[in-house]
Amino acid sequence: MPELDNVAIARQLELMGDLLEIAGADKFRFLSYRKAANSIRAWPEQLSALADDGRLTEVPGIGKKLAASIEEMLHRGTFAELEEAKKAIPPGLVEVMDIPGVGPKRAKQFYDKLGVDSVGALNKMLDSGKLEKLGGMGAKSVENIRKGHAAYLAHHGRMLLMDALPLADRMVEKLEALPSVVRAVPAGSLRRMQETIGDIDIIVASDEPEVVMAAVRDLPVVAEVIASGATKTSVLTTSGPQVDVRVVRPDEFGAALQYFTGSKEHNVHLREIAKKRALKVNEYGVFRVGEDGSEGQRLGGASEDEVYRLLGMEVPPPEIRHDTGEIDAAEAHELPRLLESGDIRGDFHVHSSSTDSHSTIEENRAMASELGYEYVVVTDHAYDLRMVGGLSVEQLEEQWAHVDRLNAEDSGPVVLKGIELNIGADGGVDYGPDVLARFDLCVASLHSGWNEPAEVVTQRLLRAMENPFVDIIGHPTGRVIGRRDPLSLDMDAVLAKAAETGTIMEVNAYPDRLDLCDTHLRLARRLGVRIAIGTDAHRAEHMRYMRYGVATCRRGWISAEECLNAQPLDVVRSWLRRSR
DNA sequence: GCCGTTTTCGGCCCGACTGTTTTCAGTCG
């Protein structure tokens, strides 16, 4: 019986919540499953370990009942209630709810009346004309679901942050150019810098909403207007993603930005706290609630600072608003000062044209200079990755001589001699200690093993970390977002070994990797493991992806003190294992 | 199903837009 990790447990609870919702269960009952799943996904320890000590109920949202279900899951791989729920509602119906325009009620109706139990089955019904005959469904509703189904097929799976950010920036720029617009800011998952984005939310401050709504409908990137009311317009853009633009009065801007930045879980928790203090928070401001429960005096909401201040809190950075501890920290005025782009002094993972990059070491160095860096590391592929021209010792000698000349020439950023080693089947690396000792630093990465069991991959990684010349582990889980699952690894064991050996863990900033991810980073931080961001640039421009690495670190609560990139060169050297 | 400095019972966040409803339900965020 393979051990269920936290994500697997969270998924089962989410499925249970979805099935309960479709079945028409009490709202707060199914919400409690989702709430528990949310905190489990972010929990730094494995629940299997907590269960052994009888500490499951320490996780917020897990009570006696869910603790028992989780114990059962850990033993049997599933739990009785879920099996029962699956008999009542086919799990395929859950996916039908992913179609815009179909929620739990309609999904249930389609199943009960037409036997729809999957997206495919719904597609057939769309063509049959039977949907129109159902109660409460008119021609327009069916047409909306038809469009939703098309959008689901075309755009199922979310877009990468790097694809969404430039589109949002362009739209914001156009809107801010309007005379009637005071401010326009992207909110939602984009502002929280999530790895992937579903749709784009933009909040606009203006006293002339109708002018803004008309302007949004006329934006050149708009392919279709889905809905357009007095204060909200939803459009499909030519590149695919849906964009929702909301207009608020300038004195409501902070409240609206806070509200639409989310996350949903963060906001729910915030409003609970407000309510306990006889306050109400909505997208228009913070209000005192009257004795009779009526909405009383408006206390503020022009800025986000004001909203949180009225609740007695510091402002949590958008990246950490997941309701995974940031609200407690904000109330206690104990939020960490997170790493910022301005803290970054260099890049620890950059390839050159000596192997498979399009850019030379000089071009990388020029980019480092443009970015204001003090140093940049060349980490070309090592010998064993022959496929991309991994370097022989002779080629390395040439590169080192070249780097020495560059560093002697002028006063640009210092180029460090690095390498991206391959972790072999036995945990060994490409070169012997005599060669490894000559690098300034070594990154070591797994480039194989996607079909190996967790124990094997974990052992390879642990072995590599016992090599005193391995300074940094590159893209530790090997995932490629939307294309390749992470390696199955015992991350607790890996990070414990990193703490023990002083090995630094990489945050690979390449936008479809972002590896380590936020949850692993929070665990690393707890264990005292240090972090290095590398862009894995394969052309000099890729070094600009550093912003995605910084965002990932921020989502993992990493501060400048914990990040190698924020240190001056002499401190960098002192953190490396080889210098101890 | 969870949770408690108002509570171990009775709460649990809030509003906009759409369509088909003749007064509101469903969906979405």
Side-chain angles (χ1 to χ4, degrees), chain A residues 13 16-17 20-22 24-39 56-70 79 81 85 96-110 132 134-145 147-148 187-192 197-203 209 213 225-234 242-248 252 255-256 258-287 289 295 311 323 331:
Chain A
L13 294 178
M16 182 69 191
L20 285 172
E21 184 180 19
I22 296 173
D26 176 67
K27 177 176 157 194
F28 299 105
R29 187 157 164 245
F30 66 75
L31 283 178
S32 64
Y33 278 90
R34 292 194 194 141
K35 203 167 182 175
N38 180 51
S39 59
L56 281 173
T57 52
E58 284 179 18
V59 180
I62 298 184
K64 259 176 122 170
K65 180 68 174 54
L66 283 183
S69 297
I70 291 166
F79 59 110
E81 284 93 341
V96 175
M97 281 204 299
D98 288 341
I99 294 173
V102 182
K105 296 294 192 297
R106 283 178 179 164
K108 180 71 163 33
Q109 187 186 26
F110 297 163
E132 283 91 335
L134 296 174
M137 296 284 296
K140 283 202 172 172
S141 295
V142 174
E143 189 49 33
N144 278 342
I145 290 170
K147 280 183 186 166
S189 51
L190 197 75
R191 185 157 180 251
R192 300 198 308 276
I197 304 294
D199 54 25
I200 297 172
D201 290 298
I202 298 175
I203 309 301
M213 296 287 82
V225 177
I226 300 169
S228 189
T231 61
K232 177 189 166 185
T233 293
S234 298
Q242 179 173 327
V243 181
D244 295 342
V245 181
R246 295 161 203 275
V247 184
V248 297
E252 295 168 341
Q258 190 289 317
Y259 180 84
F260 289 108
T261 296
S263 69
K264 193 171 178 176
E265 292 79 8
H266 175 89
N267 285 355
V268 166
H269 193 166
L270 210 64
R271 287 186 297 239
E272 277 170 13
I273 288 174
K275 198 165 181 177
K276 282 178 191 153
R277 298 184 182 173
L279 298 172
K280 188 176 81 168
V281 183
N282 61 22
E283 57 262 57
Y284 302 109
V286 180
F287 300 84
V289 176
E295 188 172 288
L311 296 170
D323 191 28
E331 279 193 297

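Values below: every heavy atom of this structure, side chains too, minus hydrogens, waters and symmetry copies. Numbered from 1 within each chain, the chains take letters A, B, ... in sequence-line order.
Checking Ala139(A) against Pro60(A), the closest nucleotide of DNA chain B that is more toward the 5' end is the one next to Pro60(A). If you find the closest nucleotide of DNA chain B to Met137(A) and to Ser32(A), the one lying nearer the 5' end belongs to Ser32(A).
Atoms CG (Leu311(A)) and P (dC13(B)) sit 15 Å apart, rounded to a whole Å. Atom CZ in Phe30(A) sits roughly 16 Å away from atom P in dC2(B) (whole-Å rounding). Remark: C1' of dC2(B) and CZ of Arg29(A) are 12 Å apart, rounded to the nearest angstrom. Atom CG in Leu56(A) sits about 15 Å away from atom C1' in dG1(B), given to the nearest Å. A straight line from CZ of Arg34(A) to C1' of dC12(B) spans 15 Å, rounded to a whole angstrom. Spacing between atom CG of Leu134(A) and atom P of dT20(B) amounts to 13 Å, rounded to whole angstrom units. Distance NZ (Lys27(A)) to P (dC12(B)): 9 Å, rounded to an integer number of Å. Between Lys276(A) atom NZ and dC3(B) atom P the separation is 11 Å, expressed in whole Å.
Of all heavy-atom pairs spanning Met137(A) and Phe110(A), the tightest one is CE-CZ, 4.1 Å. For the pair Arg106(A) and Gly101(A), the tightest heavy-atom approach, listed with the atom from each and the gap, is NH1-O, 3.1 Å. Shown here for Leu13(A) and Ala37(A), the closest heavy-atom pair between the two residues is CB-CB, 4.2 Å. Of all heavy-atom pairs between Ala256(A) and Val248(A), the closest is CB-CG1, 3.5 Å. Taking every heavy atom of both residues into account, Ser39(A) and Val59(A) meet most closely at OG-CG1, 3.7 Å.
For the segment residues 265-274 of chain A, residues with any heavy atom less than 4.0 angstrom from an atom of DNA chain B are, sorted by number, Val268(A), Arg271(A), Glu272(A).
If you check every strand for non-hydrogen atoms under 4.0 Å, Ser234(A) touches nothing. When heavy atoms are screened at a 4.0 angstrom cut-off, Ala187(A) is found touching no nucleic acid atom at all. Among the atoms of the strands shown, none is found under 4.0 Å from any heavy atom of Lys35(A).
Taking a cutoff of 4.0 Å between a charged side-chain nitrogen and a carboxylate oxygen, Glu132(A) and Lys140(A) do not qualify as a salt bridge. Looking at Glu81(A) and Arg29(A), no side-chain N of the basic residue comes within less than 4.0 Å of a carboxylate O on the acidic one, giving no salt bridge. A salt bridge between Arg34(A) and Glu21(A) is present, with a side-chain N of the basic residue lying under 4.0 Å from a carboxylate O of the acidic one. Ion pairing of Arg192(A) with Glu265(A) is absent here, as no side-chain N (NZ or NE/NH1/NH2) approaches a carboxylate O to less than 4.0 Å.
dT5(B) sits 24 Å from dG1(B) when the C1' atoms are compared, rounded to a whole Å. Across the C1' atoms, dC12(B) and dT6(B) are found 15 Å apart, a figure rounded to whole Å. For the C1' atoms, the distance from dG26(B) to dT20(B) is 11 Å, rounded to whole Å. Atom C1' of dT27(B) sits at a distance of 15 Å from the matching atom of dT21(B), rounded to the whole Å. The separation of dC13(B) from dT8(B), taken at their C1' atoms, amounts to 23 Å, rounded to a whole angstrom.
The phosphate of dC17(B) has OP1 or OP2 within less than 4.0 Å of a side-chain N or O from Thr231(A). Phosphate proximity of dC12(B) to Lys275(A): present, with a side-chain N or O under 4.0 Å from OP1 or OP2.
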If a protein heavy atom is under 4.0 Å from the base, mark B; if only from the sugar-phosphate, S; if neither, -; do that for nucleotides 24-29 of chain B going 5' to 3'. --SSSB

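When Watson-Crick and G-U wobble pairs are counted only if both distances are under 3.5 Å, dG19(B) pairs with dC24(B).
Listed candidates were dA16(B), dG1(B), dG19(B). Nearest to the side chain of Phe28(A) is dG1(B). Proximity note for Leu66(A) (side chain, C-beta onward) versus dG19(B), dC2(B), dG15(B): the nearest is dC2(B).
Asp244(A) places no side-chain N or O within donor-acceptor distance of the main-chain N or O of Asp201(A), the cut-off being under 3.5 Å.
dT21(B) takes the anti form, because its glycosidic angle lies more than 90° either side of 0.
Glu143(A) meets the salt bridge (Lys or Arg N to Asp or Glu O under 4.0 Å) test with Arg146(A); sequence neighbours excluded.
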